[in-house]
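What follows is a short report on a single structure.
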Protein chains: 2
Amino acid sequence: MLRADNPQYLREITSSPHLGSGPDCLHALFGRQPIEHLSAGQSLFFEGDAARHLFEVLEGGLRIFKILSDGRRVITGFLQAGDIVGVSLRNHYLYSAEAIVDTKVRRILRKAFEAEVSSSPELRPEVFARLCDEMAAAQDQMVLLSRKSAEERVCTFLLKQLHRNPGHRQANPIVELPMTRLDIADYLGLTIETVSRTMTKLANKGILASAGRHSVRITRYCALVQLSGDDEYDGDEGGLIAYGGGQRH
Amino acid sequence: MLRADNPQYLREITSSPHLGSGPDCLHALFGRQPIEHLSAGQSLFFEGDAARHLFEVLEGGLRIFKILSDGRRVITGFLQAGDIVGVSLRNHYLYSAEAIVDTKVRRILRKAFEAEVSSSPELRPEVFARLCDEMAAAQDQMVLLSRKSAEERVCTFLLKQLHRNPGHRQANPIVELPMTRLDIADYLGLTIETVSRTMTKLANKGILASAGRHSVRITRYCALVQLSGDDEYDGDEGGLIAYGGGQRH
DNA sequence: CGCATGCTTGAATTTAATCAACCCTAGTGG
DNA sequence: CCACTAGGGTTGATTAAATTCAAGCATGCG
């Protein structure tokens, strides 16, 4: 349904079947495993389960989340094609994972993964890099949840979704939002009503235009960046300019 | 001032001077480095700086934080004796670090650290474990910031501070809070007023008693746990019981 | 002793949550 | 093929929680 229509990714991962043959050789570990199909809403694993497998997302998307005892849900991330689930865990899964749409994954035993990684000096930096990226994303999310207004949260989210998908450089790009409003709300620490109202407000400002339930056209990218509350994005790959500060003490 | 008076830690780390001689051999990497003194408020490094060193905290404490362009500050963690700063980073520091009290640290070149780690199969699991712990803490913090009330946040924070210090098993334990109320507020995503009011309310409920500006006596531990919004703590090391869920889908 | 900083308390305001209708659309069955 | 329905989404009115603004209090330091 959603990201099934970009075969670049599949080509890329299948073109590096041997360990150490490229920057994404981590995917090669999953190469010979059978593809598993998850239908929308289906669980992959639960928080607290013994972490026996790692998963590679081939197509579709997952939400990963934690639930408080009284039912409050916090989505800590969305995963899509190319992502690997479960790198940062020890004996038990830190969170639950569910498909947000029909999704294809491959799995590998965690033991096998760890054995491969510890025996391959080529793989280790890649694992390390993924962990650090995950950590950086978690830090950004803490900033968002801690100090950003509803509008800033929604704008930040839209930008993040935009930058992670192909075609984010064109004139009036479309952001795909395969998840529901409730998912977005639980990811941004808001309610569905607030998410909805904020999107409407952004539409009224001419910053975006609704393009069906699961996508949005960005009409004023610069304004979106301004309203996201972050420092300006650098020209290309969606990272923030790190400013080598000096403003406190 | 604060944690200077528990020499156990110093004994522990100096008793394992050789690589691979114990579960905490990571500290041995810093063993021959000179001790550096930071006075309260002093910066160690800034977000965005080239990450040339890793630091080991010997005594005292640090806050690590990010700042939005308009000055809003988010403290993403507090570090104390035994912690290592900078494991989860690539080329630039993800955050700034400042001493919250007079603090002693040792530093090691990141290149040297990485060389040592990649050449030592004993060290690697330890680095990995620290990264995973950091990730788990970040996830918990996201839950706190996303969905917990002011009271739940403060209770969670007090429990976390309590469990990380020695002597948390005694009858009416004392929680040390070396940081200011502003630090706590910026860590919990609240204002100082809300933190202050919430502490007062907890005191009125008989759950805690003020014991000077920088420490608090916990008088009803169980009530504190209830109010923290988490599932019950397990008997010992302050971790949450992971419940092998099954409540959604 | 007196100031400055950090902390507490109170009143007013603001933001987002909650409660409640209603709408839209995709999918179903007649 | 079209009407119906259910779920997700939007919009509006009200409420609650935390922030903001403002004042006063303690503690620690010169």
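Only heavy atoms go into these numbers, but all of them, side chains included; no hydrogens, no water, no symmetry mates. Protein chains get the first letters and strands the later ones, always in sequence-line order, with residue 1 at the start of each.
The side chain of B/T200 places an N or O atom within less than 4.0 Å of a non-bridging phosphate oxygen (OP1 or OP2) of C/dT9. Taking 4.0 angstrom as the limit, B/T191 places none of its side-chain polar atoms (N or O) nearer than this to OP1 or OP2 of D/dT20.
Side-chain atoms of B/N165 never come within 3.5 Å of backbone atoms of B/L162 as a donor-acceptor pair (strictly under, hydrogens ignored).
We find that A/E36 and A/R106 are not joined by a salt bridge, their nearest charged nitrogen and carboxylate oxygen being 4.0 Å or further apart. A salt bridge links B/D183 with B/R73: at least one charged nitrogen is closer than 4.0 Å to a carboxylate oxygen. Using a 4.0 Å cut-off between a side-chain N of Lys or Arg and a carboxylate O of Asp or Glu, B/D186 and B/R63 do not qualify as a salt bridge.
Side-chain atoms of A/A150 lie closest to C/dA16 of the nucleotides C/dA16, D/dT10, C/dC7. Taking only side-chain atoms of A/S196, from C-beta outward, the nucleotide of C/dT8, C/dA16, D/dT10 with the closest atom is D/dT10. In this structure, of C/dA17, D/dG9, D/dT19, it is C/dA17 that holds the atom nearest to the side chain of A/T194. For B/R197, counting side-chain heavy atoms from C-beta on, the closest listed nucleotide (D/dT10, D/dT20, C/dC19) is D/dT20.
Taking atom CG of residue B/L182 and atom P of nucleotide C/dT8, one finds them 13 Å apart after rounding to whole Å. Protein atom CD1 of A/I192 is 16 Å distant from nucleotide atom P of C/dA21, rounded to whole Å. Atom CD of A/E193 is separated from atom P of C/dC22 by 16 Å (rounded to the nearest Å). With rounding to whole Å, A/I100 atom CD1 is found 15 Å from D/dG8 atom C1'. For the pair A/K201 NZ and D/dG9 P, the interatomic distance rounds to 20 Å; values are reported in whole Å. The separation between A/H214 atom NE2 and C/dC24 atom P is 17 Å, rounded to whole Å. Distance, A/N204 CG to D/dT11 P: 8 Å, rounded to whole Å. Taking atom CG of B/D186 as the reference point, atom C1' of C/dG6 lies 14 Å away to the nearest angstrom.
Where B/K148 and A/R213 meet DNA chain D, the nucleotide closest to each residue was compared, and A/R213 sits on the side nearer the 5' end.
Residue contacts for B/G189: at a heavy-atom cut-off of 4.0 Å it reaches the sugar-phosphate backbone alone, with no base atom in range.
Between A/Y187 and A/F65, the ring centre distance reaches or exceeds 6.0 Å.
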